[in-house]
Amino acid sequence: MYDKRKVSHREILETLQKAFGDKVYKTTIGTYTALSEAPSYGKDIFAFKPKDKGALQYMDLVKEIETQFT
């Protein structure tokens with residue numbers, strides 16, 4: 001869970017990018033309330049709030065991963 005407002009998160013991401021380069025995915029998943037609420041309702045984010053920014057970021061990550069295999 002990445003929060004761009006936090007210096008430590010930005011520093012960690014930068015360190016990972018320097019160490020691993022293109023092996024680090026470009027998509028980050030933010031810290032959103034819906035992502036933490038969904039499991040308490042027994043649902044994944046796509047069933048709970050499919051248009052939530054966190055759900056959209058997960059879909060972006062899936063698309064990024066898929067491009068590696070096509």
Do [X] and [Y] have side chains that get closer than 4.5 Å, going by heavy atoms?
X: L35; Y: Y58; answer: yes
X: V62; Y: E66; answer: yes
X: K4; Y: T28; answer: no

Requested in this report: Check salt bridge (charged side-chain N to carboxylate O under 4.0 Å, His left out) between E14 and all other residues, then give those that pass, not counting sequence neighbours.
Outcome: K18
Query - Non-neighbouring partners of D3 that pass salt bridge (charged side-chain N to carboxylate O under 4.0 Å, His left out), sequence neighbours left out - result: R5
Report task. Please answer whether the main-chain N or O of T27 pairs with a side-chain N or O of E64 as donor and acceptor at a distance below 3.5 Å. Result -> yes
Report summary line: Here the pair of heavy atoms bringing P50 nearest to A55 is O-CB, 3.5 Å
Query raised in the report: Taking atom OH of Y25 and atom CD1 of I65, what is their separation to the nearest 0.5 Å?
Result: 4.5 Å
Query raised in the report: Can you tell me how far OG1 of T15 sits from CZ of R10, rounded to the nearest 0.5 angstrom?
Result: 12.5 Å
Query raised in the report: Residues sharing Y2's hydrophobic cluster, by side-chain heavy-atom contacts under 4.5 Å among ILVMFWY, directly or via others?
Result: I12, L13, L16, F20, V24
Report summary line: Joining Ile, Leu, Val, Met, Phe, Trp and Tyr whenever any side-chain heavy atoms lie under 4.5 Å apart, the cluster holding V7 also takes in none
**Report entry** Contact list for residues 42-55, test side chain to side chain donor-acceptor pair (under 3.5 Å), sequence neighbours left out
**Finding:** none
Report task. Given side chain to side chain contact (heavy atoms under 4.5 Å, CB included), test K63 with T67 step by step and report yes or no. Result -> CA-CA 6 Å; K63 291 174 188 172; T67 60; 5.6 Å; no
Query - Contacts of type side chain to side chain donor-acceptor pair (under 3.5 Å), residue E37, not counting sequence neighbours - result: none
Requested in this report: Tell me whether F46 is reachable from I29 by hopping between hydrophobic residues (I, L, V, M, F, W, Y) whose side-chain heavy atoms are closer than 4.5 Å.
Outcome: yes
